[in-house]
Amino acid sequence: MKTLAYFDSSHDFPEEIAMAAGLAPVKILGDVKADNAPADQYLQNFLCPAARSMLTDALAHSGSWDGIVVAHGCDITHRGFDIWKKHVKTPFIHWLNVPMVYGTASAAAFFKKEMELLVRALEKQFAASITPDKLRAAIKESNEVKSRLQRLSALRATRDVPNRDYFDACVKAVTMAKNDAAKALDEAIKDWSARPAFPASMKKVLLTGSDITYPEFMDTLEEANIRAVRDDLSIGERYYATLIPEKDDPLDALVEYRFSIPRPATKNPPDPRTDFLLKAMEESGLDTVVSQNVKFCEPYLFDTVHIEKIMKAKGYKYIHLEREFSPVKDTQAINRLEAFIEMQGGAKA
Ligand code: SF4
């Protein structure tokens, strides 16, 4: 099956359009273990290292993809497109504008038009015919994966599911062909459901902030005896919290879906972001938020001030960390997290 890789900074790319063209969408995640020197030929090294790693990944692996779509998330996806277009060798590269403002009629019309342009570009490049029926079938397939992730997510709070296992399941959903991902997630549901109860030594938290794109950070939380049982990350709940509605016009359904997902810091207005977090805290009975941003990720760094104020005003415990983009064990972060949880009275508090 041909693959269409995409570079976005949250959950901006409508994978179902690629699927309707007979392509397997693959989210570009970068490689935290690879040196960023290839990308640093073209990007300043004070830019977000995750996005630089994604460019390094594309420079190394674009030959194994049949094309790339860059979807507008944060500014680095926006201005980075020109660099990708010039330097990444690929038979097809397309820019998808995604509105900064979610939920207005003009944003909906704009995004629908952008998706129509993507449909036409894919049809031309891959000699495909993207019909409403194919789009509806792709939406159904996508929802199958999202609903399995919802079931897995719920098991995080009741079963012994390490942070890394959850992260791996979410990565499968965005990197494998959807029918293969659904099968892999079915296996995980069976496995997780049979696991021992949630360990009493672990603290349940909500995890927010910059997207986590490598498992080693999840291990950092684990070493601090913290389990993220809720989150609003793109390799996480942002991807599956809502299902794509079934509508006569599948592009309208994709617009409605995009505006309904847990809001990233890159979109306006910001209030729905805090609404989702507050609802998640309340419905899960959590009292602690772990927020983090990867170094140089400005959208989430700016946003944390607002989120911290709101969470603390509600009486929730809140810690924010700035992390390096590195697979090396972050002892300082582990110590800070352990001390923070200890000060709150430990896992049972
Ligand atoms: S980590 Fe932040 S700066 Fe980097 S790509 Fe994501 S949103 Fe953009």
Side-chain angles (χ1 to χ4, degrees), residues 5-13 26-34 36 38-40 42-59 68-84 88 95-102 167 170-171 174-175 207-218 220-221 228 231-239 258 261-270 272-274 276-277 290-308 320-327 330 333:
Y6 62 93
F7 168 43
D8 60 359
S9 64
S10 63
H11 177 30
D12 305 300
F13 176 65
V26 180
K27 188 174 173 86
I28 301 172
L29 296 174
D31 179 358
V32 73
K33 295 192 179 109
N36 262 344
D40 293 352
Y42 312 117
L43 291 170
Q44 296 93 333
N45 62 8
F46 55 78
L47 289 172
C48 156
R52 282 159 44 221
S53 178
M54 290 166 202
L55 176 56
T56 294
D57 199 356
L59 290 166
I68 299 172
V69 173
V70 178
H72 190 190
C74 65
D75 285 352
I76 200 159
T77 52
H78 192 196
R79 296 319 317 159
F81 174 70
D82 298 328
I83 291 164
W84 283 58
V88 177
W95 166 248
L96 178 78
N97 255 315
V98 182
M100 287 291 287
V101 175
Y102 273 5
F167 176 80
C170 293
V171 166
V174 293
T175 54
L207 177 62
T208 187
S210 302
D211 284 335
I212 290 163
T213 50
Y214 53 93
E216 288 80 0
F217 182 75
M218 300 309 252
T220 297
L221 297 180
D231 68 84
D232 70 337
L233 307 178
S234 307
I235 317 290
E237 290 194 41
R238 182 169 299 125
Y239 184 76
R258 195 68 37 198
I261 62 174
R263 188 72 50 101
T266 51
K267 306 292 177 197
N268 276 320
R273 175 149 189 246
T274 42
F276 178 83
L277 295 174
V290 173
S291 166
Q292 48 69 46
N293 70 276
V294 66
K295 214 168 173 181
F296 303 120
C297 170
E298 290 179 1
Y300 284 94
L301 182 59
F302 288 150
D303 224 35
T304 189
V305 179
H306 171 67
I307 303 277
E308 178 168 3
H320 182 80
L321 308 168
E322 186 166 74
R323 67 180 155 93
E324 298 290 336
F325 183 77
S326 166
D330 188 344

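All values below were derived from every heavy atom in this structure, side-chain atoms included, with hydrogens, water molecules and symmetry-related copies excluded. Order of appearance sets the numbers: ligands from 1, and atoms from 1 within every ligand. Treat the numbers as computed from the prediction; the structure is a model and nothing was measured.
Around atom 4 (Fe) of ligand 1, the protein contributes the following N, O or S atoms under 2.8 Å, ordered by chain and number: C48 SG.
Counting heavy atoms from C-beta outward, Q292 and S210 have side chains that approach closer than 4.5 Å.
With respect to K295 and E322, no salt bridge is recorded, no charged nitrogen being found less than 4.0 Å from a carboxylate O. Between D8 and K27, at least one side-chain N (NZ, or NE/NH1/NH2) sits under 4.0 Å from a carboxylate O, which counts as a salt bridge.
A side-chain donor from one of D12 and S10 sits under 3.5 Å from a side-chain acceptor of the other. No hydrogens or angles considered: a donor-acceptor pair under 3.5 Å links the side chains of D232 and T208.
A cation-pi geometry, defined here as NZ or CZ lying under 6.0 Å from the six-membered ring centre and within 45° of its normal, does not hold between R263 and Y102.
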